[in-house]
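Worksheet for the structure shown next.
Below, chains carry the letters A, B, ... as their sequence lines are ordered, and counting in each starts from 1.
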Number of protein chains: 2
Amino acid sequence: MGKRVSHKDSLCGVARPLDAIGDWWSLLIVRDAFDGSRRFGEFQRSLGLAKNILSARLRNLVAHGIMDAVPAAEGGPYQEYELTEKGRGLFLVLAALRQWGEDFFFEPDESHVLLVDKKSALPVRRLELRAQDGRILGPSDTVIRRPSNTPEVETPNRQPPPARRRASKSRAQK
Amino acid sequence: MGKRVSHKDSLCGVARPLDAIGDWWSLLIVRDAFDGSRRFGEFQRSLGLAKNILSARLRNLVAHGIMDAVPAAEGGPYQEYELTEKGRGLFLVLAALRQWGEDFFFEPDESHVLLVDKKSALPVRRLELRAQDGRILGPSDTVIRRPSNTPEVETPNRQPPPARRRASKSRAQK
DNA sequence: GGAATGCGGTTTCAGATTGCAACCATAACC
DNA sequence: GGTTATGGTTGCAATCTGAAACCGCATTCC
């Protein structure tokens, strides 16, 4: 998880989320949460991962404000895990990932589950990235730009290797 | 634990991509590739990761058909790495991740790079998931559904189930 | 009441993975 | 020939992973 760079100031808008999510299990947990899982045991059965790993991942998700641990609704001694607003913000990330998976990881004739609109029961539309004027944008239609108040350097968002030769020791979850 | 996962089978649609990507480094490499990086050294300097790890990740990306290793354009003895069609399909995943990052990982007054439309030089619109009729869909407006009467448990390359032992963890190599 | 069971974890520990550093190979330069 | 730059591989210590065992607390069963 916190495998690298605690150096948040130089982490770009892609790397910070990745740093927070930590690993793929976390995203699968979130996916399950969207699907209605709330309990430790539900996640564990659904994902089939070791309990200690699930425990660590849930702690990490809570620590990052992606999920909340709340007292069990039905009064038991247990707690439940629910997505925070921040966690629900991952909805589109998961949707994008799912669409990519559908495009490239299944044979044309291979059946797979679909994300459908509850109301119409029809599959959702494909995601599209659009410009302000509505044009659909592809990879080559966009560029990364630094905010105006930052020194030049345009196309890339490369950060010069900060001279940290060993600053990347994970600061584990806590 | 060897039970047929219930409706959580959708895990496949998300888990397969995750399995292919391998880890977050891979996604950062892909992001850099979108930004124009092509050479081993470019990726290494930009990301600051160990060479052996970069080497393994690039091999993995190539093995999964996300990038291609091609002879260097300028005739040198080296090779360059470029995104395949499949790799370019990750564009929206990265865009979604970036927007999530912008929403939750930066202080309101904190400057960060933006994804802008080349033509207008304006930031792109937010991604939206829409139903066929155009309604914008949120997490609670959608549900995962099997496409048809799937005869439960068949597709041979389904892999979430019981034995996710060490061996399957070798996402990184080969 | 008390044993058995289920749930929600933590601990243990061998083995897998990571990543720094050192090394190797080739090509271009001086 | 010697030096530097690029593109890796190898060695190795430290870290992380995960199966299984264990623990504490309620609830259920007898």
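Atom pair B:Ile53:CD1 and D:dC16:C1' shows a separation of 13 Å (rounding to whole Å applied). Remark: C1' of D:dA13 and CG of B:Asn52 are 13 Å apart, rounded to the nearest angstrom. Atom pair B:Asp23:CG and D:dT17:P shows a separation of 11 Å (rounding to whole Å applied). To the nearest angstrom, C1' of D:dA20 lies 14 Å from CG of A:Leu49. When rounded to the nearest whole Å, the span between CH2 of B:Trp24 and P of C:dT18 equals 15 Å.
A:His64 is linked by a side-chain hydrogen bond (donor to acceptor under 3.5 Å, both in side chains) to A:Asn60, counting only residues two or more places apart in sequence or in another chain. Residues passing the side-chain contact (heavy atoms from CB on, under 4.5 Å) test with B:Asn52, sequence neighbours excluded: B:Ala50. For B:Arg39, the side-chain contact (heavy atoms from CB on, under 4.5 Å) partners two or more places apart in sequence, or in a different chain, are B:Glu42, B:Ala72, B:Glu74, B:Tyr78, B:Glu80. Not counting sequence neighbours, B:Phe43 has no partner by the ring pair (Phe, Tyr, Trp, His ring centres under 6.0 Å) test. Legend: residues meeting salt bridge (Lys or Arg N to Asp or Glu O under 4.0 Å) with A:Arg88, ordered by chain and number and at least two apart, are A:Glu85. Residues forming a side-chain hydrogen bond (donor to acceptor under 3.5 Å, both in side chains) with A:Gln99 (at least two apart in sequence, or on another chain): none.
Grouped with A:Leu114 in one hydrophobic cluster are A:Val116, B:Val143, the linkage being side-chain heavy-atom contacts under 4.5 Å among Ile, Leu, Val, Met, Phe, Trp and Tyr residues.
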Using a cut-off of under 3.5 Å, enumerate the N/O to N/O pairs linking the protein to nucleotides 7-9 of chain C.
{"from": "C:dG8", "atom 1": "OP1", "to": "A:Arg39", "atom 2": "NE", "distance (Å)": "2.4"}
{"from": "C:dG8", "atom 1": "OP1", "to": "A:Arg39", "atom 2": "NH2", "distance (Å)": "2.7"}
{"from": "C:dG8", "atom 1": "OP2", "to": "A:Gly41", "atom 2": "N", "distance (Å)": "3.1"}
{"from": "C:dG9", "atom 1": "OP1", "to": "A:Gln79", "atom 2": "NE2", "distance (Å)": "3.2"}
{"from": "C:dG9", "atom 1": "OP2", "to": "A:Tyr81", "atom 2": "OH", "distance (Å)": "2.9"}
{"from": "C:dG9", "atom 1": "N7", "to": "A:Lys51", "atom 2": "NZ", "distance (Å)": "2.8"}
{"from": "C:dG9", "atom 1": "O6", "to": "A:Lys51", "atom 2": "NZ", "distance (Å)": "2.6"}

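An OP1 or OP2 oxygen of D:dT17 is reached within less than 4.0 angstrom by no side-chain nitrogen or oxygen of A:Trp25.
Checked by atom type and distance alone, the side chain of A:Asp68 never pairs as donor or acceptor with a backbone atom of A:Val70 at under 3.5 Å.
Summary of helix geometry: the two end axes of the helix from C:dG1-D:dC30 to C:dC30-D:dG1, each defined by five base pairs via their C1' atoms, are inclined to each other by 0° (rounded to 10°).
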